[in-house]
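First up is the structure itself, then whatever we jot down about it.
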Amino acid sequence: MAVALPAVTLPAVVEELLSEMAAAVRESARIPDEHLLSLKFVFGSSAVQALDLVDRQSITLISSPSGRRVYQVLGSSGKTYTCLASCHYCSCPAFAFSVLRKSDSLLCKHLLAVYLSQVMRTCQQLSVSDKQLTDILLTEKKEAA
């Protein structure tokens, strides 16, 4: 008998805010100011930094034929970070420290930028082979070690 694991989810307020932002983008192709203010209230300065990453088109969705999907975000420092939206993970040091270790942030700016780029439909797309995607992930792991 298989045990169903609970899905990893964001707090309801964040899910609702992203959902409302996506609806607004579908209707008017822009995010209303009140949603941007809510974003800044929930995420602080990370919201502005994440929006800057989205504006600079720094987010790329990399997908493979097997259906695996990872995001790469070119950070403001010039370093590329790998994000897994399905489990709310980023390879950056801020995620490890502020989100996982101290629990004083919900997300890092890179992961927030991934979610915002999904909402705003501005994510760049790259299709690679399964082997190439594996190589990307292994390279990331080696750099982190």
How far apart are the C-alpha atoms of F95 and H88, what are their side-chain angles, what is the distance that settles it, and do they pass the ring-ring contact (aromatic ring centres under 6.0 Å, His included) test?
CA-CA 10 Å; F95 183 84; H88 312 299; 9.2 Å; no
Test side-chain contact (heavy atoms from CB on, under 4.5 Å) on L61 and Q124 and set out the steps.
CA-CA 6 Å; L61 169 60; Q124 298 183 65; over 6 Å; no
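Side-chain atoms of T139 come within 3.5 Å of backbone N or O of D135 as a donor-acceptor pair. Under the 3.5 Å distance criterion, the side-chain polar atoms of S105 are left unmatched by any main-chain donor or acceptor of C108. Side-chain atoms of D130 never come within 3.5 Å of backbone atoms of S64 as a donor-acceptor pair (strictly under, hydrogens ignored).
Rounding to the nearest 0.5 Å places CD of Q132 at 9.5 Å from CD1 of I62. Between atom OG of residue S46 and atom CG of residue L112 there is a gap of 7.0 Å, rounded to the nearest 0.5 Å. In this structure, the separation between CG on L39 and CD1 on I31 is 7.5 Å, given to the nearest 0.5 Å. Atom CD1 of I59 and atom CD of Q125 lie 12.0 Å apart (nearest 0.5 Å). Here the CG atom belonging to L106 is positioned 11.5 Å from the OG atom belonging to S98, to the nearest 0.5 angstrom. Rounding to the nearest 0.5 angstrom, the gap separating the CD atom in E16 from the OG atom in S38 is 11.0 Å.
A continuous path of ILVMFWY side-chain contacts below 4.5 Å connects V73 to L126, so both sit in one hydrophobic cluster. Linking ILVMFWY side-chain heavy atoms closer than 4.5 Å, directly or via other members, places V48 and Y81 in two distinct hydrophobic clusters. Side-chain heavy atoms closer than 4.5 Å link hydrophobic residues (I, L, V, M, F, W, Y) into clusters, and following such links, even through other members, never connects F43 to F97. Both V13 and L17 sit in one connected hydrophobic cluster of ILVMFWY residues. Membership requires side-chain heavy atoms under 4.5 Å apart, directly or through other members. M120 and L37 are members of different hydrophobic clusters when ILVMFWY side chains are connected at heavy-atom separations under 4.5 Å.
The closest side-chain donor-acceptor pair between K109 and S76 falls under 3.5 angstrom. With no hydrogens or angles considered, a side-chain donor-acceptor pair links Y71 and Q118 at under 3.5 Å.
Contact of the Q57 side chain with the L74 side chain is not registered, since no non-hydrogen atoms from C-beta on lie closer than 4.5 Å. L18 has its side chain within reach of L116: a pair of non-hydrogen atoms, C-beta onward, lies under 4.5 Å apart.
Contact detail for L84 and L111: the closest heavy-atom pair is O-CD1, 4.4 Å. For the residue pair C90 and C83, the shortest heavy atom distance occurs at SG-SG, 3.5 Å.
With sequence neighbours left out, the salt bridge (charged side-chain N to carboxylate O under 4.0 Å, His left out) criterion links R56 to D52.
Note on residues 17-31: pairs passing side chain to side chain donor-acceptor pair (under 3.5 Å), not counting sequence neighbours, are E20-H35.
The only option from V128, T82, V114 that meets the side chain to side chain contact (heavy atoms under 4.5 Å, CB included) definition with V70 turns out to be T82.
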